[in-house]
Amino acid sequence: MVKEKEFKGLNSEEVEELRKKHGYNELVKTEKPSAIKKFLEVFKEPMFLLLLGTAALYFILGEPKEAAIMLVFVAFVASITFIQEWKTERTVNSLRDLTSPHVNVKRDGEKKLIKSNELVPGDIIFISEGERIPADCEVLEASNFSVDESILTGEPEAVFKVTADEDKSDKSGDYWKKYMLYAGTLSIFGKCTAEVASIGFDTEYGKIGKAISETGDEITPLQKKTRALVKNLAIAGLILCVLVIIFSYLYSGNLIESILSGITLAMAMIPEEFPVVLTVFLSLGAFRLAKKNTLIRRIAAVETLGSATVLCVDKTGTITKNIMEVKYAYIDGRLIEVNKLSSKEFKKLMILSCEKDPYDPMEKAIVKVGEKDIDIKKLYDLDILEKVPFNSQTKRMANIFRKDEKMYVALKGAPATVLPLCSLTEDDEKSILKAMDNMADKGLRVLAFCESYSDELKENIEDYSFTFKGLVGLQDPPKEGVREAIEVCKKAGIRVVMITGDYSKTAEAIGKEIGLKFNNTTITGEDIDSMSEEGLCEKVNHCDIFSRVIPEHKMKIVKALKKNNEIVAMTGDGVNDAPALKSADIGIAMGKRGTEVAKEASHMILMDDNFTTIVESVKDGRRIFDNIRKAMVYILIIHIPIAAIALCSPIFNLPQILLPVHIVLLELIIDPTCSIIFEGEEAEPYIMEQPPRSPEEPLLTWKMTIKAVLQGTVMFLGAFLPFHYLVDYGYNVDFARSFSLMTLVVSNVILVLVDRSNTKSLFSIFREGKSKSSLIINGIALVMIFSVVYIKPLNSIFKTIPLDGKMLSLSILLAIISAAWWEIVKLFNNRIGR
Ligand code: ADP
Ligand code: MG
């Protein structure tokens with residue numbers, strides 16, 4: 001007997017009391033992020049150590065003013081870095097909160113969804129299929145509820161849970177109780193209401209110390225690659241730094257100046273922006289995706305998304321609307337439109353074979369047909385004896401009632417699994433199959449209904465003898481925009497593969513409607529079972545539709561595709577989908593329909609269950625990666641003139657142009673430029689018109705490196721040659737320095753405008769009005785350099801002298817030429833591209 005009992009649950013005050021006593025329901029002590037700790041971490045960066053070292057050096061040399069200035073800068077740069085890291089971390093944390101497990105609980109008399117770590121003993125919780133049990137609980141009510149406890153007991157078989165009253169086993173014998181749910185185990189079937197008994201470390205799971213250690217700060221493949229790059233550059237910088245100190249000492253004999261030159265070069269070469277750019281771009285990217293209904297659970301997914309080559313998607317609910325409507329019925333040998341259906345008996349069967357108060361859109365549609373002329377309330381007064389729930393393997397469900405002193409079984413399901421239960425004549429069967437094909441060809445999902453009267457309850461549903469009653473055809477049209485999104489995928493070199501448990505013909509009709517490639521045959525679950533691995537690998541290349549599959553087949557499909565070197569994204573919602581989601585390159589769980597287990601196994605969660613959102617995310621993934629590359633190339637370019645100047649001054653026996661203060665000034669410009677301007681850049685128009693990027697492709701290709709070297713070298717020449725020339729002609733060194741600095745900073749501003757897009761021109765930024773941050777940051781850079789050159793007190797700090805009008809114009813002209821010449825290359829490239 002399943003009757004909904006009422007449970008009171010706790011109220012807020014009680015929860016607060018219990019929280020004080022028991023704490024939070026967690027197995028890892030979540031540390032509150034400490035601002036001071038974070039701030040101190042900033043100083044671990046080599047850049048800051050160098051800055052501090054320089055300040056100390058100045059101090060020792062008896063130049064306290066210089067030392068103080070360096071310290072001010074240190075504070076400045078440190079604050080910027082700190083704020084940026086703080087913000088990034090907050091973003092990541094808020095994402096983690098969104099994706100952390102939740103549970104339905106009764107509190108203050110209401111059913112609500114709370115985070116699992118907020119549970120306290122005494123809470124009443126509601127568990128349904130596919131949830132991770134959040135705490136040790138006692139069962140209050142269970143209907144056909146089974147749990148996988150292998151994580152604790154090692155026993156693979158599912159354990160059916162009952163209430164303490166119903167538990168007839170010897171309660172003292174077994175350690176694991178049938179009336180208890182244990183934290184960490186997995187519900188695989190049915191529903192259950194339970195009362196939390198213990199939480200956190202007090203649970204059996206917590207006691208074994210099998211704490212689910214949070215995967216900590218996860219490092220993406222890209223971050224790994226970059227770390228290696230940074231290390232190499234740092235080593236190279238160190239070697240050069242030592243060489244510069246030695247050589248310039250040999251030349252000039254001035255040790256202090258030599259050491260400063262060395263330090264300047266080291267500071268110029270530390271590529272500390274690279275890792276910053278990655279973290280900022282990836283986490284901010286994840287944040288932007290979250291606003292567009294894609295929750296990223298593993299940051300690495302942001303990277304992988306852009307290189308996806310195959311999207312495997314469920315049909316129902318992802319490609320189709322999952323708003324079903326019954327269109328046809330087949331009854332007494334005739335196929336009729338549903339509004340002509342008059343048989344009350346059949347309508348009753350239709351309703352009784354569904355859940356009471358269904359939430360499944362298909363069942364809702366079925367119940368709706370009978371609603372008008374049947375008193376549903378009265379119908380539900382029947383005593384329900386047993387529910388045989390739907391499962392994706394059997395593809396059918398049944399309810400067993402007591403009716404007129406007999407057992408009445410109402411069953412519905414996929415015809416392929418229902419018809420074998422019924423005794424049919426050959427003629428009947430032929431006629432039924434014809435009606436099925438007829439409906440399936442229209443893209444309708446077909447369900448078969450049958451019933452049975454019996455004197456007693458039987459063990460298996462197969463043991464009843466059923467009478468076939470009829471078929472129903474349900475329409476579930478594709479969502480808007482799916483066809484277009486698939487078209488976009490085709491252009492982007494991405495295949496879309498549709499996976500469904502539906503009948504092949506239905507799948508084909510929908511596939512045709514949305515433009516999939518399948519040569520009029522689909523690969524069915526049975527085909528997969530009978531194929532060798534190699535055979536499947538070969539077949540998956542030619543067919544985009546898999547029909548009549550069960551979730552277990554998804555795993556095989558993922559494996560076969562991966563063997564073919566594809567980067568596979570796979571969607572899923574059920575418990576059985578979890579392994580496939582885990583093994584896919586990008587496992588996508590459904591936010592609305594998905595079970596907790598599927599979400600846990602996934603890399604990202606699709607909040608609106610919509611296929612077009614996946615395609616949007618792929619586009620975003622590509623954009624983010626493209627922008628990371630642009631930012632990296634920019635960092636490379638701008639460091640070439642800085643490092644080369646630091647290196648060449650001693651080589652050409654010239655005074656240093658760039659002193660540590662200047663490097664810091666430049667860093668203050670470069671840092672926000674690369675992490676803010678390039679992060680916000682829009683996608684290039686061709687981004688979805690090129691094939692997916694191979695994951696093996698290096699972060700910086702040869703082409704990009706050559707581009708960087710060319711652009712960087714020209715900028716170096718533009719800043720260094722005039723200095724050389726002016727000093728040779730007897731100009732004051734500080735005057736020459738002003739000239740070079742002005743040229744360098746202005747050309748940096750132009751460079752940013754040139755390199756932000758490969759297709760848009762340098763001037764487009766003024767037309768768009770969208771890139772406010774770009775205008776602001778570039779504006780600040782210009783204000784800074786003009787202040788340094790023209791404000792008296794700053795002159796002595798930065799060792800500069802104001803430029804006269806003629807020299808200023810000349811320096812700006814030089815700056816424009818040395819950065820804007822790339823526009824011509826761009827123009828040329830775009831011509832060829834077209
Ligand atoms: P899909 O992959 O398209 O979501 P499912 O695995 O959900 O397909 O369903 C597979 C088949 O099982 C359906 O085509 C239908 O015939 C049958 N089916 C689905 N839901 C139910 C249900 N609630 N009751 C009976 N049969 C169902
Ligand atoms: Mg389904």
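Hydrogens, waters and symmetry mates are skipped; everything else that's a heavy atom, side chains included, is used. Remember, it's 1-based here, ligands and their atoms both numbered in the order they're listed.
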Could you tell me whether [X] and [Y] make a salt bridge, using a distance below 4.0 angstrom between a side-chain N and a carboxylate O?
| X | Y | value |
| --- | --- | --- |
| Glu526 | Arg548 | yes |
| Glu533 | Lys556 | no |
| Lys592 | Asp609 | no |

What about [X]: any of its N or O atoms under 3.5 Å from an N or O on ligand 1?
| X | result |
| --- | --- |
| Lys412 | yes |
| Gly501 | yes |
| Arg445 | yes |
| Ser392 | no |
| Lys315 | no |

Measure from NZ or CZ of Lys403 to the centre of the six-membered ring of Tyr453, then state whether that distance is under 6.0 Å and the direction lies within 45° of the axis.
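Judged by the rule (NZ or CZ under 6.0 Å from the ring centre, within 45° of its axis), Lys403 is not positioned above Tyr453.
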
Atoms in ligand 1 flagged as close to [X], the criterion being non-hydrogen separation under 4.0 Å:
| X | result |
| --- | --- |
| Leu447 | 15 (C), 16 (O), 26 (N) |
| Gly413 | 25 (C), 26 (N) |
| Asp502 | 13 (C), 14 (O) |

Taking ring pair (Phe, Tyr, Trp, His ring centres under 6.0 Å) as the test, write out the residues that go with Phe518, two or more places apart.
none

Asp360: heavy atom below 4.0 Å from ligand 1, yes or no?
yes

Does the ring centre of Phe145 sit less than 6.0 Å away from the ring centre of Phe160?
no

Given Asp573, Val549, Thr316, which one has a non-hydrogen atom that is nearest to atom 4 (O) of ligand 1?
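Among Asp573, Val549, Thr316, the closest heavy atom to atom 4 (O) of ligand 1 belongs to Thr316.
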
Among Arg548, Glu363, Met362, closest by any non-hydrogen atom to atom 21 (C) of ligand 1:
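Ranked by closest heavy atom to atom 21 (C) of ligand 1, first place is Met362.
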
Could you check whether any side-chain N or O of Asn399 sits under 3.5 Å from a backbone N or O of Cys354, counting only pairs where one atom can act as donor and the other as acceptor?
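Between the backbone of Cys354 and the side chain of Asn399 there is a qualifying donor-acceptor contact (under 3.5 Å).
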
Take a 6.0 Å sphere around NZ of Lys490 and say whether it holds more than 12 heavy atoms from other residues, nucleotides or ligands.
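Counting other residues, nucleotides and ligands, NZ of Lys490 exceeds 12 neighbours.
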
